[in-house]
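What follows is a single structure, written as structure tokens, with notes after it.
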Amino acid sequence: MKKKLMRLLMIGAVLILSFGALSACGSTGLSSGDDSGAKVTKKKADKLTIGVSISTLSNPAFITLKNKIQDYAKSKGTTVKITDAQNDTAKQNNDIPRLHN
């Protein structure tokens with residue numbers, strides 16, 4: 001019974017993180033804070049590309065997160081790009097601009 005509860009809690013946590021990650025994708029990107037001249041264009045889900053840099057894909061929790069993000073994006077017809085930073089903060093920071101293009 002305890003294993004089932006822990007599994008259910010883990011799946012719930014992963015889903016919450018997935019939705020949080022996908023909902024944060026509505027921003028206009030990295031900026032200096034002065035967006036006064038920036039234009040925001042609304043796009044349909046099938047026209048979006050979402051970039052995600054995950055700290056490591058050696059951890060089963062992050063693998064589950066990656067799979068849930070991919071499943072959700074696929075259900076919406078959205079393209080998703082996911083990179084593995086291999087526990088390297090500098091690599092993860094460098095991945096972000098690359099995912100933006």
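Heavy-atom basis, side chains included; hydrogens, waters and symmetry copies ignored.
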So how far is it from Asp84 CG to Ile63 CD1, rounded to the nearest 0.5 Å?
-> 9.0 Å
Among all residues two or more places apart in sequence or in another chain, which pass the side chain to side chain contact (heavy atoms under 4.5 Å, CB included) test with Lys74?
-> none
Do Val80 and Val52 touch side chain to side chain, with heavy atoms closer than 4.5 Å?
-> yes
The side chain to side chain donor-acceptor pair (under 3.5 Å) partners of Lys91 (sequence neighbours excluded) come to Asp95
Audit row: Lys66, Leu57, side chain to side chain contact (heavy atoms under 4.5 Å, CB included) steps and yes/no = CA-CA 8 Å; Lys66 176 189 82 114; Leu57 289 176; 3.9 Å; yes
Just how far is it from atom CD of Gln86 to atom OG of Ser55, taken to the nearest 0.5 Å?
-> 11.0 Å
Phe62 versus Ile54, closest heavy-atom pair with distance | CB-CG2, 3.7 Å
Mind checking what makes side chain to side chain contact (heavy atoms under 4.5 Å, CB included) contact with Lys43, not counting sequence neighbours?
-> Lys47, Leu48
Results of side chain to side chain contact (heavy atoms under 4.5 Å, CB included) for Thr79 - residues two or more places apart only | Thr49
Inter-residue atom distance Gln92.CD - Thr83.OG1, 0.5 Å rounding = 7.0 Å
In this structure, CG of Leu65 is separated from CD of Gln70 (nearest 0.5 Å) by 10.0 Å
Stepwise, does the side chain to side chain contact (heavy atoms under 4.5 Å, CB included) test hold for Asn94 with Ile96?
-> CA-CA 6 Å; Asn94 288 332; Ile96 294 170; over 6 Å; no
